[in-house]
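Here is how names work: the chains are called A, B, and so on, in the same order as the sequence lines, proteins then strands, and each is numbered from 1. Keep in mind that the numbers below use all heavy atoms, side chains included, and drop hydrogens, waters and symmetry copies.
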Amino acid sequence: MLQVPFIRENKDNVIKQLAVRNIDATKMIEDVISLDEERKQTQTLLDNALAESNTLSKEIGNLYKSGKADEANALKEKTTELKETTKTLNDKLSQTVDALNELLYKIPNVPHSSVPKGSTEDDNEVVFSEGTIPTLDKNALPHWELAKKYDIIDFELGNKITGAGFPVYKGKGARLQRALIAYFLDKNTEAGYTEYQLPLLVNEASGFGTGQLPDKEGQMYHVTEDNLYLIPTSEVPGTNIFRDVILEESQLPIGITGYTPCFRREAGSYGAHVRGLNRLHQFDKVEILRVEHPNRSYEALDEMVEHVKTILKELKLPYRILRLCGGDVGFTSALTFDFEVFSTAQERWLEISSVSNFETFQANRLKLRFKNSEGKNELAHTLNGSSLALPRVLAGILENYQTKDGIEIPEVLIPYTGFKIID
RNA sequence: GGAGAAAUGGCAGAGCGGUCGAAUGCGGCAGUCUUGAAAACUGUUGAGGGUCACACCUCCGGGGGUUCGAAUCCCUCUUUCUCCGCCA
């Protein structure tokens, strides 16, 4: 959520930059400012009334002490009136604050100046690509066929146990999953991220903290009995570590990594593009997350991009990096780079990582601050990225590494899998 | 799941319904002393709103109530601890 003082001071620029997302925020921004104005006025009136009633109460106390009960009783009548006033003002204030917040929840983050204009994913900018796309045999199969052929992922079984989108990994398939998780975690901790194991269910406050609530409620599985939500990404529990936290400047930067399954309802997604591992309700992901000083958060973003590149290079997968356009960049993000792996048999790019700088957008909701060199509390910047999401990496490996003898295992993974080929 | 106890500032820990945003200790910061450090001493040290700056207002786990006035009384929820039960 954007900060009101920031909106006030940069009104025109905010509107101009939000236009990159193809939204005309003029009215929303003006409403924010006028609601905030109203909030301040009401607050002042309320404060004055409260101040008066505080003074009166003290006087009454003193009068009682000095035995002047009559005078005290006279003053009491006055405070009764004041009570009415404060109640009315208080109601008005909370209405205004609610309206203001509701509006603020609807305004997305201001895109970074480098975010290109555009409306769909076709307008994303390819900024880097690496790796060679293998020439496969004409009998090459998409990963869901390979999964069946080598009996390593059973989609139907998952269907039976739970439903579509909950695959069962078997044998070498399961082992490969575990290998990938361990390998990613090792790479991330080597790069300085501290490993965490996080809860898979979060409460309402955490959902609000990272912005899944109130808007994207339908995307999460909700355990109504206990009012908990299954996490759609470890970003939620990971970032909420820092909810209501004031750090010392010397504690920055903070980098954490964690593996969790992720649960997404993906309501309204159907068709060929969601076949096999392309889109699941439950999938595994290893995440990296940073809390940074505002001065160097973009440097940190570059470091994260470089880090993910190293992993893909080691896995020898053909990939490219996109700078997301205004129409595609997430609600909370200021700048996002997506990584895509080429799925040779499907002949399409699959998104496997998304690395973003949220600047203060999340921190503002979380109240994540640090004491700056002047001793003032200042909002920190948060960033996160997948490093990496499993299913599509797996899809990429299965498809790109298939040979007539079986599926070869990328060399860096062999110490983790204990086998060299799936056949 | 049952019974009991508790929740106060970074931590520990006081707090007869008014003078309490809150004693005291520790920690943090600044200074004195010292070649430097430690010790000692002095001062300072929660968050948010508001203001040019003050004033002023709100916050003692969350929510509600009683009262002219609540950290203090009542209700409720949550969490923690102890005991019992169940259990990976």
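Rounded to a whole angstrom, the distance from the C1' atom of B:G17 to that of B:C73 is 8 Å.
Base pairing annotation: B:A39 forms no Watson-Crick or G-U wobble pair, as no partner gives both donor-acceptor distances under 3.5 Å. The partner of B:U79 is B:A6, by the rule that a Watson-Crick or G-U pair needs both atom distances under 3.5 Å. Nucleotide B:A12 is matched to B:U24 when pairs are restricted to Watson-Crick or G-U wobble geometry with both distances under 3.5 angstrom. The partner of B:G18, taking Watson-Crick or G-U wobble pairs whose two distances both stay under 3.5 Å, is B:C68.
Taking for each of A:Lys371 and A:Thr79 the nucleotide of RNA chain B with the nearest heavy atom, the 5'-most of the two is the partner of A:Lys371. If you find the closest nucleotide of RNA chain B to A:Lys83 and to A:Arg369, the one lying nearer the 5' end belongs to A:Arg369.
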Which donor-acceptor pairs under 3.5 Å do side chains of residues 92-104 of chain A form with protein atoms, sequence neighbours excluded?
from, atom 1, to, atom 2, distance (Å)
A:Ser94, OG, A:Asn90, O, 3.1
A:Ser94, OG, A:Asp91, O, 3.1
A:Thr96, OG1, A:Lys92, O, 2.8

Under 3.5 Å, side-chain donor or acceptor atoms of residues 161-179 of chain A against the rest of the protein: list the pairs with distances, not counting sequence neighbours.
from, atom 1, to, atom 2, distance (Å)
A:Lys170, NZ, A:Asp151, OD1, 3.0
A:Lys170, NZ, A:Asp154, OD2, 3.2
A:Lys172, NZ, A:Ile421, O, 3.0
A:Arg175, NE, A:Tyr416, O, 3.3
A:Arg175, NE, A:Thr417, O, 3.4
A:Arg175, NH2, A:Tyr416, O, 3.2
A:Arg175, NH2, A:Thr417, O, 3.3
A:Gln177, NE2, A:Asp284, OD2, 3.0

So which protein N/O to nucleotides 15-20 of chain B N/O distances come out below 3.5 Å?
from, atom 1, to, atom 2, distance (Å)
B:G18, N2, A:Ser57, O, 2.7

When you compare the protein's N or O atoms with those of nucleotides 51-57 of chain B, which come within less than 3.5 Å of each other, and at what distance?
from, atom 1, to, atom 2, distance (Å)
B:C57, OP1, A:Asn54, ND2, 3.1
B:C57, O2', A:Asp47, OD1, 2.8

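Taking the six-membered ring where tryptophan is involved, the planes of A:Phe263 and A:Tyr221 are perpendicular, since the angle between them exceeds 60° and thus also 30°.
A:Gln219 and A:Gln212 are not linked by any side-chain donor-acceptor pair at a separation below 3.5 angstrom, with hydrogens and angles left out of the test.
A side chain to side chain donor-acceptor pair (under 3.5 Å) check over residues 4-19 of chain A, counting only residues at least two apart or in different chains, returns the pairs A:Arg8-A:Asp36, A:Arg8-A:Glu37.
For A:Lys148, the NZ atom is loosely surrounded, since the number of other residues' heavy atoms within 6.0 Å does not exceed 12. Heavy-atom contacts from other residues, nucleotides or ligands closer than 6.0 Å to CD of A:Glu411 number 12 or fewer.
Residues passing the salt bridge (Lys or Arg N to Asp or Glu O under 4.0 Å) test with A:Lys27 are A:Asp31, sequence neighbours excluded.
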